[in-house]
2 protein chains.
Amino acid sequence: MSTAASSTPKGARARARIEVTAAIKEQARRQLAADGAAKLSLRAVARDLGVVSSALYRYFPSRDDLLTALIIDAYNAVGESAETARDEHADAGPRDRWTAVCEAVRQWALTHPHEYALIHGSPVPGYTAPETTIPAAARVGQVFIGILRDAHQGLGVAKPPLPADLRPEAERMAADFAPDLPPETVAALIAAWAQLYGLIGFEVFGQFNRVVEDRDRFFRHAVSQLAHGVGLVYPQTGPTAAAPR
Amino acid sequence: MSTAASSTPKGARARARIEVTAAIKEQARRQLAADGAAKLSLRAVARDLGVVSSALYRYFPSRDDLLTALIIDAYNAVGESAETARDEHADAGPRDRWTAVCEAVRQWALTHPHEYALIHGSPVPGYTAPETTIPAAARVGQVFIGILRDAHQGLGVAKPPLPADLRPEAERMAADFAPDLPPETVAALIAAWAQLYGLIGFEVFGQFNRVVEDRDRFFRHAVSQLAHGVGLVYPQTGPTAAAPR
DNA sequence: CAAAAAAGAGAGCACTGCTCTTGCAATAGA
DNA sequence: TCTATTGCAAGAGCAGTGCTCTCTTTTTTG
């Protein structure tokens, strides 16, 4: 109250707390990048910070809470990458924007493999992410939804096929996530979303070693096919152009 | 070299060693299923086996070696599931066989989530799978290749699109993995392979929680689209049938 | 039958997450 | 401004981990 600004409302102690919390996360992220989540040790973080290990428990009640904080940060980082890519391609068509966002997510994953593993690898042992992570986790998906929303206000978007027995589920998903999009599109989008992370995961986790060499081109083509699958069709995009009648 | 028989060549000691090794793996697999890879503890396995922890090191030089053994077993288990599904649908058309194999892999993953995480989740910290795992890891892929091989000897298979700049890579991959298949098909197959594991991973790791409810139908449709993508097209399968001219 | 190899037991080292108590410093209320 | 409260870090300690080493017993082998 005494100091004016709104960003640092409390006294020196509160400010210090914020800084220390950030320093802990930063150091933890460094260890994460170096050795992976399972070798992330509270004691090592404390050691590197020149502080005793029990002191960290004033900031994070447990190792899992530290991990949760890092998970949220990771979701936000990849979400921000996606949003930036979208904004930088605001003038491009929906399909190019789609490609750019996929590429951005991939690049983030390749640059931060351990953080990617944290959010899209096997959940850390017996650990289930708390609800706090949900909004951060949704950001990338929202970007994709936005792209398709835009596409639907223009032209050049087709309705993906949808079997009759999946229609109720597709309508439910559409109502939950994008009421302004057709159920066909929402269902296809969710599938494409999962498949995108399959492609990225295989590359990040080394499953493509000795299999795919020219990964840039391979990914670009796969993503183009995914775009096709959600209805983002160029007027003339090859022999398999979707032709909804 | 000296003793003749191939199944139980050595004396009682060698037989005991095989049994103990199997018991260790079995107990470890139990712990894995219960708590996940990161909580798998050599000491706990030894305790449950009524033996002192250092004794296990006579059988597995390190915890990572135990994990590697479990990884190989897991690859073989899912590979066997895939092969069984293929054989049980030997009379069906390639597309139905494709669907059956995908479904089998998914079911195995849902039944053994922690083992699935072992082979397709984030690699255990700082751990890189040794070359020993390669043949076991390839089994599922071989099943898919076989299905497409069969399909190419019959009808009802289309060539997926392939951009010109990806053709060299596609030809290289085809030469490496399936010289008798067209490069277009091999490239599409590898993409579909990764995407399949994206779908399964999202389901196993809970990313579909609160998103997809009717997962059986959703998966079935997605897999049908994947089949379409690799050229396994029914004569009349909807508006987006591939039509290579 | 004796020498060699294999297996288990047990102690011990360095490390982990986490808890609890103790002393110190910053804050807030009178 | 003085004092009571609160926040923080330090240190010791517990139970657990992977792994190594030595020692004894048992089995195999020459």
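Atoms considered below: every heavy atom in the structure, side chains included; atoms not considered: hydrogens, waters and symmetry mates. Per chain, numbering begins at 1; letters A, B, ... match sequence-line order.
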Between [N] ([atom2]) and [X] ([atom1]): distance, integer Å:
X     : N      : atom1 : atom2 : result
B:D64 : D:dT17 : CG    : C1'   : 14 Å
A:Q31 : C:dC15 : CD    : P     : 14 Å
A:D65 : C:dG17 : CG    : C1'   : 13 Å
A:R15 : D:dG7  : CZ    : P     : 18 Å
A:E19 : D:dG7  : CD    : P     : 19 Å
A:L42 : D:dG16 : CG    : C1'   : 15 Å
B:L67 : D:dT17 : CG    : P     : 15 Å
B:R17 : C:dG8  : CZ    : P     : 8 Å

Original post:
Is it the case that more than 12 heavy atoms not belonging to B:R139 sit under 6.0 Å from its CZ atom?
Top reply: yes
Original post:
So does B:R220 have more than 12 non-hydrogen atoms from other groups sitting under 6.0 Å from CZ?
Top reply: no
Original post:
Does the cation-pi check pass for B:R215 over B:F208, that is, NZ or CZ under 6.0 Å from the six-membered ring centre and within 45° of its axis?
Top reply: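 Negative - B:R215 is either too far from the ring of B:F208 or too far off its axis.
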Original post:
Which part of the nucleic acid, if any, lies within reach of B:Y59 when heavy atoms closer than 4.0 Å are counted: base, sugar-phosphate only, or nothing?
Top reply: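 Contact class for B:Y59: sugar-phosphate only.
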**OP:** Quick one: label A:L66 by what it contacts on the DNA or RNA (base, sugar-phosphate, nothing), any heavy atom closer than 4.0 Å.
**Re:**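 Here A:L66 touches no strand at all.
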Original post:
If you check every side-chain atom of B:A44, which of D:dT17, C:dA7, D:dC19 has the closest atom?
Top reply: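 Nearest to the side-chain atoms of B:A44, counting from C-beta on, is D:dT17.
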Original post:
Given D:dT28, D:dG18, C:dG17, which nucleotide is nearest the side-chain atoms of A:R43?
Top reply: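 The answer is C:dG17, which lies nearest to the side chain.
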Original post:
Are the ring centres of A:W98 and A:F144 closer than 6.0 Å?
Top reply: yes
Original post:
Are OP1 or OP2 of C:dA6 and a side-chain N or O of B:R13 less than 4.0 angstrom apart?
Top reply: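 So the side-chain polar atoms of B:R13 never come under 4.0 Å of the phosphate oxygens OP1 or OP2 of C:dA6.
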Original post:
Looking only at side-chain N and O atoms, does A:S41 come under 4.0 Å of OP1 or OP2 in C:dG17?
Top reply: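 For C:dG17, OP1 or OP2 has a side-chain N or O of A:S41 closer than 4.0 Å.
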Original post:
How far apart are the C-alpha atoms of A:T68 and A:D65, what are their side-chain angles, what is the distance that settles it, and do they pass the side-chain hydrogen bond (donor to acceptor under 3.5 Å, both in side chains) test?
Top reply: CA-CA 5 Å; A:T68 301; A:D65 290 272; 5.4 Å; no
**OP:** Classify the angle between the aromatic ring planes of A:F202 and B:H120 as parallel (below 30°), tilted (30 to 60°) or perpendicular (above 60°).
**Re:**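 A:F202 and B:H120: parallel rings.
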Original post:
How are the rings of B:W108 and B:H112 set relative to one another: parallel (under 30°), tilted (30 to 60°) or perpendicular (over 60°)?
Top reply: parallel
**OP:** Strictly below 4.0 Å, heavy-atom distances to any atom of DNA chain D: list the hits from residues 46-58 of chain A, or just say none.
**Re:** A:V51, A:V52, A:S54, A:A55, A:R58
